[in-house]
Asks: 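Quick one: the structure is below, questions incoming.
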Amino acid sequence: MMLVLLLAVPLVGAGGLAVARGAWLGRLHGLVATLTLTASLAVTVTVYRARDVTALDGFLRADALSAWMVALIGLVAVLAALEAPRYVTTAVAPRFYALFHLFVFTMLLAVTTDDVGFMWVAIEGTTLASVFLVNFERTRASLEASYKYLLICSVGIAVAFLGTVLVYFANVQLFGDEEYALRWTTLLRLAPGLAPQVVQLAFVFLVVGYGTKAGVAPMHTWLPDAHSEAPAPVSALMSGVLLAVGVYAILRFKPVVDLAAGPAFTSRILLGLGLLSMAVAALFLWAPTNFKRMLAYSSVEHVGIACVGLGFGGPWGIAGALLHIANHALAKSTLFLLAGRIRAAYGSADITAVRGLLHPLPRTGGAFLAAMVALMGLPPFGLFTSEVLIFGAGFAKGAIVEAALGLVLLLVAFGGLLRSTQAMLYGVPTGPAPAAASGAWPVAPVTLALLLLILTGVAWPPGLGDALEQLAAIVGP
Amino acid sequence: MITDLALALIQALVVAAGAPLLVGVLRTLKARLVGRRGPRPWQPYADLAKLLRKEAVVSTTTSWVFRVTPYVLFATMLVAAVIVPVVASRTALPFAGIILLMYLFLVGSFFLALAGLDSGSAFGGMGASREVAVAALAEPTVILAVFALALRADTTNLGGIVARLSGEPSLAASPGHLLAFAAFFIVMLAETGRLPVDNPATHLELTMIHEAMVLEYSGRYLALVEWAGAMKLFVFLTLLANLFFPWGVPDLVAPVPIVLGLLALAGKLAVLTVGLAVLETIVAKLRLFRVPELLAGSFALALLSVTAVFLVP
Amino acid sequence: MTAATSLLSFAGLVVTLAIVWRQSWPGRLRLFAFQSLLLAVLAATLGVLAGRPRLVLLGLVFLVIKVVVIPRVLYRIGSGMPVRPVAPGKSSGITLLVAGVLIVVAYAVMLPLRTVTALPTAGAIPLAFAMALIGLFLCVTGRDALGHILGFLVFENGIFGLALLATYGLPGIVEAGVFLDVLIIVLIMEGVVGQVRREHESIDEPKLRELRG
Amino acid sequence: MSVLLFGLAAAGGALATVVGVAGMLGAGGSLSLPGLVPLGGIALSLDPLGGLFLAMVGTTAIPASIYAIGYAGGERRGVLAYLAFVSAMGLVPLAANVMTFLIAWELMSLASYFLVLHDRDDPESVDAAWLYAVMSQAGLACLLAGMLLLTAATGSATFADWASAAPDLTPGARVLPLLLLGLGFASKAGVIPLHVWLPRAHPAAPSHVSALMSGVMVKLGIYGLVRASLDWLSPTPVWWGAAVLLAGAVSAVVGILYAVVERDLKRLLAFSSIENVGVILIGLGAGLVFRGVGLGGLAVLAIAAALYHAVNHAAFKSLLFLGAGAVVHATGTRNMNALGGLVTRMPWTAGCFVFGAAAIAALPPLNGFVSEWLIFQALLQNVQMARLELNLTFTFGLAALALTSGLTLACFVKAAGITFLAVPRSDAAARAHEAPVSMRAAMVLLAGACVFLGLGPTLVLPALARLAGPLVGAELPALGDGLTVRISGEFAALSPVALTVVLGAALLAPLVALRLLRASHRTRWYETWACGRMLQTARMEYTATAFSNPFKRVFDFFYRPEKRLDIEFHPDSRFFVERIEYANPTRPLFEEWLYEPALAALSRVAALTRRVQSGSANAYLAYILAALLLLLVLA
C-alpha cells in the first residue's frame, strides 16, 4: 500500500502543479518534493528493516535493490527541487514543475514495478517526460540536444524492448503462457530452466538498449549534449539518477542471465563496456572546453566504473558498484547545480570564460572545489572508498590487467578534471565581474550532499554495511 | 692516556714546525733546478714572523666568517696532524679513519671557500668556485683509494694500515698498492694545489685557485692560512710516505724509537720533496677544464686498484 | 497457420525493402502505412487461427494507430519539405545491398530461437527480426528528421511482428503501454521537430551538427 | 586565531614525538574502529618502525609550527590545511590496514596539494600543484594496486597478517606487489625519474610546509619502502636490494647535479632532498643485499645507518628550509642572484643557515658526517661478500656517494655564500630585516637537534639497530662502547665526542700561539682590493650562475646547457654595447625525454577521440547499430 502512496505523491503533485497558478506555486513544489522524499525514505526503511514491500497483488514490488534506488531518487529530487525556483520565471513555472515531478514519478515507477515489460514502459516514460525539460530554455542548442536525446534514447529503448520480448519468449517456451510470465520474481524463479543461448542473446539486446539509457559507451553520445544544454536541476536529476535507473534495469536482468547461462557471460560484457566507457570518457575529460560537458563526460566515466565493478562481480564488486552509483549521484547532482549557478553568473559555460572563481564567489567556488575533489575520488569522500572496493574485487578476481587499465584511465580523467577545475578556480580573475550570487541559504543542499558523501566515505553508518550485503545477495548469484 | 697526550703534542709540534721548512726546501729546490739561487730554505719562517707583526687589513664587506676561517683552517690541520701516523704507527687518537681525515680537509675547503666569497671580489668568488669544483671531483678518487687500502689492510684506521703494511712488506709491492699510490699522489697534487692543478707561486687570476681565495687576507690571518696550507702539504706527504713506504715506522711509543722514526720520516720526506720539485719543474699548469680529465684518470687508477683486489685475491 | 503467417511476414519484408528503395518521403509514408496494415492483418489471422481473441483486438488497435493516426502526423511533419531530396542522395544500390546483408545477419542471429521453439510460426521469426534490423538501418541512413522517425517506426513494427510470431503478443498491460509510448513518441517528435525547424530553419541532419566535442 | 592553531599543531607534534619514542622503545599498542570503513575498518597500531617515523614527524612539526606563527602572521587560509597535513602524516606510520593507510596517505597528499596552492594567483605554482597532484595520484594508483594484490594473495587486508604470511608467498605473488609498492613509494620519496614534481611543488608551498614536506613527507616514502621490503614481503630477493641501491645512487648523483646549478634557493633545497633520499636508499639497498646474502649483522648496520641519515636529513633539511623561508620572508625573492649581504642584516638566520649547510655537507663534528660515515662503512663492508657483481655494485655505490658528498659541499658553499655573504646584489636584499623571534627560535631548536644527533651516535645508533634487528631477523652487531662507534671489530671507529673535544682544543691553539708569538692584534678596515679601481660595486661579485659554471662545463653532457646571448648595440656604432644579456639555462633531462612526449601523445589521442562526438545524429545511431552487431559477434 505504501508503494502506491509513494507513486501517487509525485503524480498528483505534477497534476496539481500543472493546474495551479499564483504566488504559492514554489511552496507547493517544495512540499511535493519533500513529501516524495519522506515517502521514499519510509519505503526504504521498511524494506531494509522488515521484508520486501509489495502492492497491487505483486505488480509493484520493492526489494533491497529498488529500495536503494528509491532512496537515491528521492534524495536527488529534493536537492534538485531546492534549486529549481532559481531557473524558472513565474510564467513558465507550472509547466516546469509539472514535468519535473512527472519525471520523478516515471523514475520511481520504473524502479518499483515488478513487471519487466512495464519497467520498459516506465523507462520509456522517463525519456518522454524529460524531453521537454531538456529544451526548456528554447535555445538553438537545447533544441538540437533534445531532438537527438529523444531519437537516440527511443531507438536504444526499442532495442531493449526487443530484448524483453526475447526474454519473454524464452520464458513462455518452457513454462507456457503464464499470467505473470514477465514478473521479475517468476523470471528469477524459472531462470535456471531457461534456454541459455536465447537468454544470452536477449541480454546482448538488453545491455545495448538499457546501456543507451545508462550512458554506457558507445551509446553515450546523447548524454553530453542533453546534460550540458538542460537547465541545472534537470541535468542534476538526469546525471544523478536517470543513469542509475538505466544501470538498475541491466541489474534486474543480470541475476536471471547468470542463473540461466552462468556468470562469465554477463561479467565479460559489462567489464568490456565499462572499460570502453571509462576510456572514451577519460580521453574526452583530458582537455574539455565546456565545464557542463565535462561533468556529463565524467558521468559516462563513473557509469563505466560501476559497470566495471559489476563486471568484476563478487560481494565487493557489486557492493562497490552500487555504492559508487549512489556516491556519484550525490556528487554529480551538486556539481551540476553549482555549474548551473556559475553559468548563470558568468553567462557562458566555457572553461576559458571562468577565471579566478574563488575571488568573486568564494562560497560557490569552495563548494565547487569540494564537490570536484569528491568527484575525482579523493579520500574523505565516498567515491574513493567505492573505487577501492571495486578494484579490490578486480584484483581478488585475478583480473589484474583490466584493473590496472581501469586505474590508468582513472588517472587520466583525474589529470583532465583537475586541470580544468584549477583553470576555473585559480588565477587572477579577468573580464567582467560576475553577477553577485544570492545569500548563504542555497549552499545548504550542497553541504548536505557533501556531508552524506563523507558519511559513505570514511564514516559508514551502522546500517550501510549489511544493506550492501543484502544488495550483493540479490544481484550476485 | 698520558702517552697519547704526549704523542699528540709531539706530532703537533713536529708538523707545525716542519711544515714551513718543507715548503722552503721545496721552493729552494725548484729555484736551483731552473738555475736560480732561490731563497734560503728557512725563508718561510721569516715570512711568517713578518706577517705576525704586521697589522691585519680586513675588508669592510666581510663578516665573522672571514675572521673565523684562518683559525678553523689551522685547527683542522692540527687535528689532521694528530690523526696521521707521523712518528709511530700507533696514532694519538684511537679513532683515526681515513674518511675522517678526508672530511677534515673538506671542512678546511668549506670555510676557505666561504671566506673567499665573503670578500665580495671577483677573485674570491672565482677561487672558491674552482676550489670546490676540484675538491668535489677529487672526492670519489680519494674514497676509492681509501677503499683499496682498507681492503688490503682490512681496516680504515690509519695506524692499523701502517702497522699491517710494515708487518708484510710484500703486500706493499703488489700492483694494486702501486695503483693506489699513483691515484693518491694525483689527489695530493689536486688537494694541496700543487703545480699541474694550481700554481702556488703566481697571482695571475687566470690560473690561481688556492691563492685567489686568500687574496684578501693579510697580517696574522695570512700567516695562519699560509701556515695551515704548508701543514696540509706536510700531512699529505707524510701520509703518502708512511702508507706506501711503511719501513722504519716504530710501533711502540718510546723516546728512542720516536727519534729513529723522525729520522726515517725526514729521509722519506726528502725523497718525496725532491720528486715533487722535479715534477713541478717538468710539468706546466693544466687548463682548468682539463683538470677533470686528470682527476678522471686518477679515478680510473683507483678503480683498477680496487678491482685488482677483487680479481687477484 | 504457418503458411499464412510466413506469407504475411515475407510480404512485410518486401514492403520494408521497398521503403529502403524509395527516395521520396510521401512514397515512403504510404509504404509504411501498407506495412503496418500487413502486420495488423497478421495479428488478426494469428488471433483467429491460434484461437486468441485478444490478438484480433490487438490487431485492430494497431491498425488504428499505425495506419491511420501516425501517418497523418508524419504527413503534417513533412508537409513543408521538398518531395525529392535536393542534394542527390546516396545511390540506393548500396543501401539495398546492406539491407540484404542485414537479412542474412538476422537469420544467423535468430538460429538459437529456432532450435528452442516448436511454434508453428517459428519460421517467420527471422523475417520479422530482419524487418526490425532494416528499420534500424533506415534510421541510421536517414537524411533528415522525418527519415529518422520513419526508420524508428519501421524498427518498432519489426519488433511488434517478432513479438506476435514468437510469443503470440505480450501481456495486455505491456502491449497497451508500448502502443501508448509509441504514440506519445511520435506526438512529441512532431512538437520537437516543429520547434527545431523554427529555430534551425531546417531539419536536415547535416544542419543539426552544432553540438560537437 | 592562527597562532592558537599553530600552537595546537606544535602540541600535537610534541605528543607525536612522545608516542613515537615510546613506540621505538618497544611500547606497542593498537586502536581499531571496525565497520567505519569497508575492508576491516580504521585500525592503528604502534610498532618500533612506525614509532621512529612518528617521532620524526613530531620533532619536525614542533619547530615548523613555532616558525609558522611568525611566518604566516594573521593569514588564516593555510592553517586548516596545515593541521590536516600534519595529522595525516602522523597517521600514516600508525596505519594497520589497507584502508586506513590509503586514506591517511591520500589525505596527506590532498592537504599538501592545497598548501602548495598557497599563492593561488601565480600560474606557475598552479601548474606545479597540478603536476604534484597527478604524480601523487599515480603513486596512489600503484600503491592501491600493490596492496590489493597482496590482499588477494594473503586473503586479509591487515598488515599484521601480511607480515606473518610473507615468508610463504610464491615468488610470482611477491615480485609484482613489490614492484608496484616500490614504484608508489618511490614516487612520493622523489626517486629519479619520478622526482619531477618535487622541485616544483616544494618551493611553491610556504616555507614551514616545504620544511615538513622535504624533511618528513619524503621520509614517509622511505618508511613505505622499508615496510614493504622488510615487513610485508620480508625475504625480498637480492636483486631488489641491488635495484634499490642503484636507484639510490642515480637519484643521489642526478639530484645533486641539478642542485648545484640551481639559481632558486628553495628549488636547490628541494633537489638536495632528492639527493639525500638517494643516499638513504643506498644505505637501505645495501642492507637489503646484505640480508639477501645472509650477512644479518651488516644488514642491521646498513639499515640503521639509512634510518639515521633519514633522521638527520629531517633535522638539517628543515633547518635549511626554515632559513630559506626567513630569507624569502625578508627579501621577497628566492633568486640567489638577487640576494647577498644578509649576514650582517640577518645574523641569526645566516648563522643557522651556515650551520645547516655545514651539517648537510657532512662536515665532521655535525650529524651529517656521522650518518654519511656510517653509510660509507656499511658500503665498505661489502668485502665480506664473495659475489663479484655485488661488489662492483657496491663500488659503484661508493663512487656515487663520494661524488655526491663532494658536490653537496660545492652546492651548499654556493647556497650559503652567495645568499648571505659579501655585498647585497639588489635593494630588496639591502632592505632585509632579521626574522621575527618565533622563526629564529625554531631555527635554533633545529640546530640544537643537529648538534645532539651529531654528538650522540652512541645513543641513537644502538636504538636504531634494536629497531632494525627484529625487522631483519638478525642479532645486533657489536656497536662499540659508550663513547666510540666501532664497526665489525677493528675495521673502523669514530667517537664524535672525543673529536669535538680535540677540535675545540685545536681551535684554541692558534689563539694561544698568536698570544705567545706576540703577534699584533691591530686591525684596519678598508675596501676590498679590486685591482686599484675606485668603485667596488655588487656587480663585481660572483653570482650563483657564475659559481656553478665550472660544473656546467664539466658535466655538459648531462646538462646540455643552451647558451643564450643577446647584445644590444649602441645605436651609433657596432663597437659599443648598450646591454648584454647572457643566460646559460640547463635543459631538464627527464621532463624533455620522458614526461613531455607522454603528455603530448595523450593530448593527440584525446584530440583524435574528440571526433567521435561529431554532432551528426546518423553517426550516433550508427554507433548503436555497430555496438549491437559487434556484441552479437563477440559474445
Asks: When only pairs under 4.5 Å are counted, which of D/Thr543, D/Leu392, D/Thr344, D/Val502 shares the most heavy-atom pairs with chain B?
Replies: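 Top count of heavy-atom pairs under 4.5 Å with chain B: D/Val502.
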
Asks: Does the side-chain contact (heavy atoms from CB on, under 4.5 Å) test come out yes or no for D/Leu380 and B/Ile99, once each step is laid out?
Replies: CA-CA 11 Å; D/Leu380 285 177; B/Ile99 299 174; 3.9 Å; yes

Asks: Taking D/Leu508, D/Thr408, D/Leu409 one by one, which has the highest count of heavy-atom pairs under 4.5 Å against chain B?
Replies: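 Highest number of pairs under 4.5 Å: D/Leu409.
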
Asks: Please classify the contact of D/Ala505 with chain B as side chain, backbone, both or neither, using a heavy-atom distance under 4.5 Å.
Replies: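 Neither part; nothing is under 4.5 Å.
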
Asks: Under 4.5 Å from any heavy atom of chain D, what part of B/Val306 do you find: side chain, backbone, both or neither?
Replies: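 Only the side chain of B/Val306 comes within 4.5 Å of chain D.
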
Asks: Check the surroundings of atom CZ in D/Arg263: do more than 12 heavy atoms from other residues, nucleotides or ligands lie under 6.0 Å from it?
Replies: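 Open.
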
Asks: Go through the atoms of B/Phe110 and report whether side chain, backbone, both or neither lie under 4.5 Å from a heavy atom of chain D.
Replies: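 Contact with chain D: backbone and side chain both.
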
Asks: With a 4.5 Å cut-off on heavy-atom pairs, point out which of D/Val354, D/Asn549, D/Thr395 contacts chain B the most.
Replies: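 Result: the option with the highest number of such pairs is D/Thr395.
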
Asks: Return the minimal non-hydrogen interatomic distance between D/Pro550 and B/Ala133, and the atom names on each side.
Replies: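 Smallest interatomic distance, heavy atoms only, reads CB-CB, 4.0 Å.
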
Asks: Considering only heavy atoms, which portion of D/Asn382 lies under 4.5 Å from any heavy atom of chain B: side chain, backbone, both, or neither?
Replies: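 Side chain only.
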
Asks: For D/Leu514, is it the side chain, the backbone, both or neither that has a heavy atom under 4.5 Å from a heavy atom of chain B?
Replies: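 The side chain, not the backbone.
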
Asks: Nearest 0.5 Å, what's the CD-OG1 distance between D/Glu541 and B/Thr61?
Replies: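 The OG1 atom of B/Thr61 is 7.5 Å from CD of D/Glu541, to the nearest 0.5 Å.
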
Asks: Under a 3.5 Å distance rule, please check whether D/Ser520 uses its side chain to pair with a backbone N or O of B/Lys54 as donor and acceptor.
Replies: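 A pair under 3.5 Å: yes.
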
Asks: Which atom pair, heavy atoms only, marks the closest approach of B/Arg67 to D/Trp525?
Replies: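 Heavy atoms only, the tightest pair is NH1-CH2, 3.3 Å.
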
Asks: So for D/Phe394, is it side chain, backbone, both, or neither that comes closer than 4.5 Å to the heavy atoms of chain B?
Replies: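 Neither the backbone nor the side chain of D/Phe394 comes within 4.5 Å of chain B.
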
Asks: Do you know the tightest heavy-atom contact between B/Thr60 and D/Glu527?
Replies: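 So the minimum-distance heavy-atom pair works out to OG1-CA, 4.2 Å.
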
Asks: Counting heavy-atom pairs closer than 4.5 Å to chain B, which one of D/Leu407, D/Val423, D/Asn391 comes out on top?
Replies: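 Looking at each of D/Leu407, D/Val423, D/Asn391 in turn, D/Asn391 comes out on top.
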
Asks: With a 4.5 angstrom heavy-atom cut-off, which part of D/Leu403 approaches chain B: side chain, backbone, both or neither?
Replies: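 Looking at D/Leu403, backbone and side chain both touch chain B.
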
Asks: Using a cut-off of under 4.5 Å for heavy-atom pairs, which of B/Glu216, B/Arg53, B/Glu293 has the most such pairs with chain D?
Replies: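 Heavy-atom pair counts peak at B/Glu216.
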
Asks: Answer with side chain, backbone, both or neither: which region of D/Ala513 has an atom nearer than 4.5 Å to a non-hydrogen atom of chain B?
Replies: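 Nothing of D/Ala513, per the 4.5 Å heavy-atom cut-off to chain B.
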
Asks: List the atom of B/Gly120, the atom of D/Ala422, and the distance in Å for their closest heavy-atom pair.
Replies: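 The answer is CA-CB, 3.6 Å.
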
Asks: Quick one, D/Thr523 with B/Arg220, criterion side-chain contact (heavy atoms from CB on, under 4.5 Å). Give me CA distance, side-chain angles, the key distance, then yes/no.
Replies: CA-CA 10 Å; D/Thr523 318; B/Arg220 58 185 181 282; 3.2 Å; yes

Asks: Is it the backbone or the side chain of B/Leu106 that comes under 4.5 Å from a heavy atom of chain D, or both, or neither?
Replies: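 Its backbone and side chain both get close to chain D.
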
Asks: Give, as side chain, backbone, both or neither, the part of B/Met126 having an atom under 4.5 angstrom from any heavy atom of chain D.
Replies: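 For B/Met126, backbone and side chain are both near chain D.
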
Asks: In terms of heavy-atom pairs under 4.5 Å with chain B, which of D/Ile418, D/Leu499, D/Leu401 leads?
Replies: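 Winner by heavy-atom pair count: D/Leu499.
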
Asks: If you count heavy-atom pairs within less than 4.5 Å of chain B, which of D/Arg518, D/Lys414, D/His521 leads?
Replies: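 That would be D/His521.
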
Asks: Which answer fits B/Leu117, side chain, backbone, both or neither, if we ask what part of it has an atom under 4.5 Å from a heavy atom of chain D?
Replies: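 The answer is both parts of B/Leu117.
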
Asks: Most heavy-atom pairs under 4.5 angstrom with chain D, which of B/Val58, B/Val142, B/Leu104?
Replies: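 With the most close heavy-atom pairs to chain D, the winner is B/Val58.
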
Asks: With a 4.5 angstrom heavy-atom cut-off, is it the side chain or the backbone of D/Tyr526 that approaches chain B, or both, or neither?
Replies: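 Looking at D/Tyr526, backbone and side chain both touch chain B.
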
Asks: Using non-hydrogen atoms only, which part of D/Phe551 is less than 4.5 Å away from chain B: side chain, backbone, both, or neither?
Replies: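 Side chain of D/Phe551 only, per the 4.5 Å heavy-atom cut-off to chain B.
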
Asks: Taking atom CG of D/Leu503 and atom OG1 of B/Thr76, what is their separation to the nearest 0.5 Å?
Replies: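 So the gap between those two atoms works out to 8.0 Å.
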
Asks: So, do B/Trp64 and D/Pro347 sit near enough that their side-chain heavy atoms are less than 4.5 Å apart?
Replies: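 The answer is no; the side chains never approach within 4.5 Å.
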
Asks: Sort out for me which of B/Ser109, B/Ala12, B/Ser129, B/Ala128 touches chain D most, counting heavy-atom pairs under 4.5 Å.
Replies: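 With the most close heavy-atom pairs to chain D, the winner is B/Ser129.
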
Asks: As an exercise: rank B/Val65, B/Asp118, B/Ile143 by heavy-atom pairs under 4.5 Å with chain D and give me the winner.
Replies: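 Heavy-atom pair counts peak at B/Asp118.
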
Asks: So which heavy atom on B/Leu114 is nearest to which on D/Leu421, and how close?
Replies: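 It is O-CD1, 3.3 Å.
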
Asks: Counting heavy-atom pairs under 4.5 Å with chain D, which one of B/Leu137, B/Val291, B/Val82 comes out on top?
Replies: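 Among the listed options, the one with the most contacts to chain D is B/Leu137.
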
Asks: Between B/Phe147 and D/Leu379, does a side-chain contact (heavy atoms from CB on, under 4.5 Å) hold up when you go through it step by step?
Replies: CA-CA 10 Å; B/Phe147 182 30; D/Leu379 289 175; over 6 Å; no

Asks: What are the two closest heavy atoms between D/Ala402 and B/Pro140, and how far apart are they?
Replies: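 Looking at all heavy atoms of both residues, the shortest contact is CB-CA, 3.5 Å.
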
